[in-house]
Number of protein chains: 2
Amino acid sequence: MAATVTLSDVAREAGVSLATASRAINGSANRTVREDLRERVLAAAARLRYSPDANAQAMARGRTTSLGLVVHDIADPYFSSIAAGVSAAADRSGLAVTLASTRHDQTRERGLIEVLQRQRARAIIIAGGRTDDDALNAELRRALADYRAGGGSAALVGQPVLGVDTVVIDNADGAAALARALHGLGYREFAVLAGPAGHLTARERLDGFRAGLAESGVALDPANVIGCAFTRDGGYDGMQDLLRRRGSVELVFAVNDVMAVGAMAAARDAGVDVPGELAVAGFDDIVTLRDVTPPLTTVRVPLVEVGVAATELALAPPSDEPRLVHVEATVVLRASTPPRHPSNGNGAGSAS
Amino acid sequence: MAATVTLSDVAREAGVSLATASRAINGSANRTVREDLRERVLAAAARLRYSPDANAQAMARGRTTSLGLVVHDIADPYFSSIAAGVSAAADRSGLAVTLASTRHDQTRERGLIEVLQRQRARAIIIAGGRTDDDALNAELRRALADYRAGGGSAALVGQPVLGVDTVVIDNADGAAALARALHGLGYREFAVLAGPAGHLTARERLDGFRAGLAESGVALDPANVIGCAFTRDGGYDGMQDLLRRRGSVELVFAVNDVMAVGAMAAARDAGVDVPGELAVAGFDDIVTLRDVTPPLTTVRVPLVEVGVAATELALAPPSDEPRLVHVEATVVLRASTPPRHPSNGNGAGSAS
DNA sequence: TTGTATGCGTTATCAT
DNA sequence: ATGATAACGCATACAA
């Protein structure tokens, strides 16, 4: 910080007091600075190329102008879409976004929250689903409670288990609707790439899918529920497992799109035609899907809007009770799950 | 900011002076606090759940702990990969990343730099290629010079036209190598989805491609150079244009991958088989490409590493002259550009 | 309306 | 080694 020009310099240059300079440059609460003075100040500021120090302002005002965003991996289209929404909404509120990434290590979340707290971020948005690790959740809960006690507000995208405002995606309903839709298309034999054990989003989607199937009178064979990482490579590996010991499965539901896309790659590499030999469906409707082949059936989550909603939630006046904003997930049928066993008419690969 | 615990509180609780508390909690320059005292302080801090105020520290120390990143669109895989690299490198240096997005409006870049300057970010990374708008560049140049005069350092990913350290991607060489490789595969009739007029990255890639072709004795018909936006939709629209008035084009080179992917979608929607009827190549090798069909030939740019390099450049001790780090771009041939007119042997669609 | 003086939370300088 | 105390750059309560 070499020759930084301060507000005092501007005041001197303009021949006014520090206070007047301050009031002229931002519009102080109890307004009014005589027009000629204000102009002198602004002119001086411009001449000196004055740049207000946000840190000093933060100290003096007692609040910063920044908002924290915690993601697992910014290169994942799921998170980058949410980030785009958060960024847009923060912009509108004149807030700068501080991006913190766990790099897929949940245990780092706590530390990131603390960093954001040290920065006195006005609000923290945590994207990415929770796990059922109670100890970890308790820790986070406490970190967030602390943070909020200091005047910050937080919002979560996922499951409302941290005691803060939460944007809740209707995973179960969406997955159930998907199951019904697929059943309606004629599918009867399913497998699920179910993600990791403790992952709540994965679980909700699996459970919802299973429930939707049950409604249609179809049971999901536990042997066809395959655990794997919640990533593209997890989907790839899971699909390999499945193909190795495939029974009569007609359709594979991956609990998120990046996994589904990985699964399709595995099928391709194994020479299994999608959807000819095996249909695939995902969840999220990440933008990438526009350009995969075949177009992937999925359950759409409006990710950018989710980011906006989380930001607005976090920025809204605080409430006593954690608020919940529900976001619907809607089935989008595409070519990766063509109709099968049509009730009347001819089908592909059915009958004798 | 309700009941924020300050360092004074901690000092009082520990029965030491403010100064000692400060020294105990971070390791002050001239080290040493008696062990028992240090422990008392740390215990008190933990008991009170003390969280240092980064803004106050920034004021006192004269330097912040944050790094700014300017992108056009964080949801674009090109930028999100660079962001991942920047984020990782910043992490290693204990810096928090402030994400600023132009939302595809170049004129906003200037304002974003100013915001970052106000935050007194230690360094600013600007991702995304330059244009040939001299007025705009001069403005940015000045904004950056100002910022650097204040002690900040900046690094750019793109063309070294702003007077700051720059990570330069060998666009021309990469594109030329691609042209030669494609010529080697037997292609003779090319079209280019060339991006917008003033875009330097687009221009370098176009020029490089043209030069590579020329080396091989092939001329690029100006009528087959199609201007369009530097986005997926730009590629889609450009391809539509091309298909409408297609002559004998065998291969379409889109100057970046998202455009190429859009172009493939347009071809698909128009019922044109890729690569059967028309081959396609892109540039960047964004991660998305793993999962498009057919696999896209491209020129690989190590985006995450580029982000890391830019960050390291910006964080390195300042130098008088702007430094340049060159990053090679390497051709990756995939199924979207199968061999054609093989010199000896049988080819597809060649000869009579 | 304008100016003066104080405080924000921390580090660093200077005594002790 | 520890403790007062002066910055850091700005906003604001209060005085004029």
Side-chain angles (χ1 to χ4, degrees), chain A residues 1-42 44-45 48-65 117-122 150-152, chain B residues 1-41 44-45 48-65 117-121 150-152:
Chain A
M1 302 290 171
T4 300
V5 21
T6 76
L7 190 53
S8 303
D9 300 326
V10 175
R12 189 177 329 112
E13 170 86 2
V16 301
S17 74
L18 218 197
T20 302
S22 173
R23 296 191 267 249
I25 286 188
N26 78 36
S28 175
N30 28 334
R31 60 181 173 294
T32 51
V33 168
R34 227 175 49 212
E35 194 48 29
D36 56 324
L37 279 195
R38 130 175 268 96
E39 281 174 15
R40 277 224 314 265
V41 172
L42 262 35
L48 267 38
R49 318 221 84 207
Y50 168 68
S51 166
D53 184 324
N55 295 288
Q57 293 184 312
M59 283 220 60
R61 296 205 245 248
R63 67 198 142 78
T64 67
T65 178
Q117 179 178 20
R118 282 202 260 281
Q119 300 213 146
R120 300 296 186 263
R122 280 264 274 278
Chain B
M1 302 291 171
T4 300
V5 169
T6 75
L7 190 54
S8 304
D9 299 326
V10 175
R12 191 179 327 113
E13 171 87 3
V16 301
S17 74
L18 217 199
T20 303
S22 173
R23 295 191 267 247
I25 285 188
N26 78 34
S28 174
N30 26 337
R31 62 181 174 294
T32 50
V33 169
R34 229 175 47 214
E35 195 47 30
D36 57 323
L37 279 196
R38 131 175 266 95
E39 280 174 16
R40 278 228 310 270
V41 172
L48 266 38
R49 320 220 82 210
Y50 168 68
S51 167
D53 185 323
N55 296 290
Q57 293 183 312
M59 283 220 59
R61 298 206 243 245
R63 68 197 140 79
T64 66
T65 178
Q117 179 177 19
R118 281 202 262 280
Q119 299 211 145
R120 300 294 186 264

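Throughout, a chain's letter reflects where its sequence line sits, starting with A, and its residues are numbered from 1. Side chains included, hydrogens not; waters and symmetry mates left out as well; all remaining heavy atoms used.
Stretches of at least 3 consecutive Watson-Crick or G-U wobble pairs, with each checked distance under 3.5 Å, appear in DNA chain D as C:1-16 with D:1-16.
Separating the CD atom in Q117(A) from the CG atom in D53(B) is a distance of 10.5 Å, to the nearest 0.5 Å. Between E35(A) atom CD and R40(A) atom CZ the span is 12.5 Å, to the nearest 0.5 Å. Once rounded to the nearest 0.5 Å, the distance linking CZ of R23(A) with CG of L18(A) reads 10.0 Å.
Looking at heavy-atom distances under 4.0 Å, L18(B) makes contact with a base.
Look at CZ on R118(B): it is 22 Å from P on dC8(D), rounded to the nearest Å. For the pair Q117(B) CD and dG9(D) C1', the computed distance is 15 Å after rounding to whole Å. At whole-Å resolution of the value, CG in L48(A) and C1' in dG9(D) are 15 Å apart. Q119(A) has its CD atom 17 Å from the P atom of dG9(C), to the nearest Å. One interatomic measurement links the two molecules: CZ of R12(A) to C1' of dG9(D), which rounds to 13 Å at whole-angstrom precision. Straight-line distance from the CG atom of N26(A) to the C1' atom of dT12(D): 11 Å, rounded to whole Å.
Contact record, Y50(A) with T6(A): CE1-C, 3.6 Å, taken as the closest heavy-atom pair. For the pair N55(A) and Q119(B), the tightest heavy-atom approach, listed with the atom from each and the gap, is ND2-O, 3.2 Å.
Between R23(A) and the phosphate of dT2(C), there is no side-chain N or O to OP1/OP2 separation shorter than 4.0 Å. N55(B) has no side-chain polar atom (N or O) that falls below the 4.0 Å cut-off from OP1 or OP2 of dT10(C). Put simply, Q57(A) has a side-chain N or O that comes within less than 4.0 Å of OP1 or OP2 on dA11(D).
Closest to the P52(B) side chain, of the nucleotides dT2(D), dT10(C), dC10(D), is dT10(C). For S17(B), taking side-chain heavy atoms from C-beta onward, the closest of the listed nucleotides dG9(C), dA4(D), dT11(C) is dA4(D). Of all nucleotides listed (dT4(C), dT10(C), dA11(D)), dT4(C) comes nearest to the side chain of A19(A). Checking dA11(D), dT2(C), dG3(D) against every side-chain atom of R61(A), the shortest atom distance belongs to dA11(D). Checking dT12(D), dT1(C), dT2(C) against the side-chain heavy atoms of S22(A) singles out dT12(D) as nearest. Closest approach to the L7(A) side chain among dG3(D), dC10(D), dT1(C) is made by dC10(D) (side chain taken as heavy atoms from C-beta onward).
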side-chain hydrogen bond (donor to acceptor under 3.5 Å, both in side chains) evaluation trace for S51(A) with R120(B):
CA-CA 9 Å; S51(A) 166; R120(B) 300 294 186 264; 3.1 Å; yes

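Among residues two or more places apart in sequence or in another chain, the salt bridge (charged side-chain N to carboxylate O under 4.0 Å, His left out) test is passed with R61(A) by none.
The base of dG9(C) lies outside donor-acceptor range of the side chain of R120(A), with no N or O pair under 3.5 Å.
Each of T20(A) and A60(B) was assigned the nucleotide of DNA chain D with the nearest heavy atom; the assignment lying further toward the 5' end belongs to A60(B). Positionally, the nearest nucleotide of DNA chain D for A21(B) lies more toward the 5' end than for the other of A21(B) and M59(A).
Residues V41(A) and V33(A) have side chains not in contact (no heavy-atom distance under 4.5 Å, counting atoms from C-beta outward).
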